[in-house]
Amino acid sequence: MSEARIDGRPVTLEAAVAQAAKLLAASRLPVIAGLGTDIAGARAAIALAERVGGVIDQMHSDALLRDLTVMREAGAYVTTPNEARLRGDTLLLVGPSLTETWSDLGERLVSAPLAAEIGGARRVFWLCPGKSAVPAGAKVVGRSPAELPGQLALLRACVGGRLARVPKAIAGLATALRAARFGVAVWSAAALDELTIEMLFGLIDELNPATRFTGLPLAPADNAIGVTQASGWMTGFPPRTAFGRGYPEHDPWRFGARRLIEDGEADCAVWISAYGPAQPNWRTHVPTITLTAGEPTQSAIHIQVGRPALDHDSVEHDPRTGTLVAKVASHRIDMPSVADVITRIAAALPGGAWPC
């Protein structure tokens, strides 16, 4: 059974839904942020934003948009986790936080056997891992993440034959990458800036005339990739998209939820975090409706929702396969999903519900 509160006081779900609809109907520019939800929740949230002329933003948009920005401005070679696991005979792990982003990266990718037709042993290199735990057998080149842009620039220049004298470790790494039959660079955009990601794609581009090399950007948590894909097929754009003019507009800076709220442009927020206890990251008070799986928050309205794939069935992006998958609830309980609650809120708005 869902727990609902208004200004910290326990109320019925119906009362919380009615008050949420009242807040949204009175808002001039609401933001619907967090978006830590499954595909059904994302679809409902995007439809609600369109209905109220609001803005959508995902809690991991900063990392998501770094990869997307480089991809659309410079192009990219990417593959799936399964393809990298089966065929990647040479792995180049880049930067810190990889095992934090993908906790079983070592088991699922680094130490997994290659496909029978590939055979042989996988070679693994890690460029500037910082304090990350390095899997057994991986060779470290550079250590500090602060060195990473310089190390990548040296490596790219070496691969491209534009340096006469290079450090021995970089020269050895360049030789190993050129010798790969199917090489894969792995990184997390949460730890890299756009210029470093662009440099990495440039390195991959320079390797491909001699061998097959590609990239595997790790997916942020909270179904960030699934939400981005849902946003793409519903609006044509990733999150940080607004509907205030009656059609979708995308701008990574103008439609960032935190900026809109802290600059006083947004006057109401819906925060969604069904996977964990993530909280809004803005420092300015704004009437907020929270839909979370955790404990009640100090928001104007709080509605507890079920956790995707645990409390209710879901469809979401699986970072281990790189695709959307249907998941059956492992601990089903009587708790509304994000989609259920948002559908109720939409139905309580003036004019009733719209199809999503």
Side-chain angles (χ1 to χ4, degrees), residues 1-6 11-59 223 226-237 239-249 255 257 260 266-274 280 286-293 297 299-308 311-316 334-356:
M1 184 67 69
S2 175
E3 183 173 350
R5 294 175 181 259
I6 297 178
V11 298
T12 64
L13 176 59
E14 290 73 20
V17 163
Q19 184 64 14
K22 186 176 178 181
L23 266 180
L24 287 170
S27 172
R28 291 179 298 173
L29 180 59
V31 297
I32 299 178
L35 290 180
T37 179
D38 60 0
I39 295 298
R43 287 172 55 89
I46 293 167
L48 178 64
E50 182 180 9
R51 171 79 179 279
V52 298
V55 173
I56 55 167
D57 191 7
Q58 215 275 344
M59 65 178 83
N223 194 34
V227 171
T228 300
Q229 292 178 349
S231 179
W233 76 62
M234 291 180 70
T235 73
F237 299 109
R240 294 194 174 166
T241 291
F243 299 90
R245 299 192 190 193
Y247 53 85
E249 294 180 282
F255 302 132
L260 286 169
D267 57 357
C268 177
V270 178
W271 176 262
I272 301 170
S273 178
V286 65
T288 301
I289 303 156
T290 55
L291 276 56
T292 75
T297 60
S299 55
I301 301 165
H302 173 77
I303 300 175
Q304 188 180 15
V305 294
R307 298 164 294 176
D311 300 332
H312 61 81
D313 299 345
S314 73
V315 174
E316 56 194 37
D334 182 19
M335 184 78 70
S337 67
V338 168
D340 294 334
V341 173
I342 290 180
T343 300
R344 290 187 184 210
I345 293 173
L349 287 168
W354 283 8
C356 68

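Not measured: the values here are computed from a predicted model.
Put simply, NE2 on His302 and CD1 on Ile289 are 12.5 Å apart, with the number rounded to the nearest 0.5 Å. One distance of note links CD of Glu14 with CZ of Arg344; it measures 5.5 Å at 0.5 Å rounding. Asp267 contributes atom CG, which lies 10.5 Å from atom CG of Leu260 (distance to the nearest 0.5 angstrom). Distance CD/Gln58 to CG/Asn223: 8.0 Å, rounded to 0.5 Å. Residue Met234 holds its CE atom at 5.5 Å from CZ of Arg43, rounded to the nearest 0.5 Å. Annotation: the span from Met335 atom CE to Glu3 atom CD amounts to 8.5 Å, rounded to 0.5 Å.
Evaluated for a side chain to side chain contact (heavy atoms under 4.5 Å, CB included) with Ile303, the options Val341, Ile342, Val338, Asp340 yield exactly one hit, Val341.
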*Please walk me through it: do Val270 and Ile345 pass side-chain contact (heavy atoms from CB on, under 4.5 Å)?*
CA-CA 11 Å; Val270 178; Ile345 293 173; over 6 Å; no

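Side-chain atoms of Thr235 come within 3.5 Å of backbone atoms of Phe237 as a donor-acceptor pair (strictly under, hydrogens ignored). Using a distance-only test at 3.5 Å, with no hydrogens or angles considered, a donor-acceptor pair links the side chain of Thr343 to the main chain of Ala339. Proximity of a side-chain donor or acceptor of Thr288 to a complementary backbone N or O of Val286 within less than 3.5 Å is detected. For Asp57 (side chain) and Ala257 (main-chain N/O), a donor-acceptor pair under 3.5 Å exists by modelled atom type.
Across all non-hydrogen atoms, the minimal contact from Leu349 to Ala21 is CD2-O, 3.4 Å. Closest approach of Ala49 and Ile56 over heavy atoms only: CB-CG2, 3.5 Å. The nearest pair of heavy atoms linking Ile301 to Ala20 is CD1-N, 3.3 Å. The shortest non-hydrogen separation linking Leu35 to Ala45 is CD2-CB, 3.6 Å. When all heavy atoms of Trp271 and Thr292 are compared, the pair lying nearest together is CD1-CG2, 4.2 Å. Listed here is the closest heavy atom pair of Ile46 and Ala230: CD1-C, 4.1 Å.
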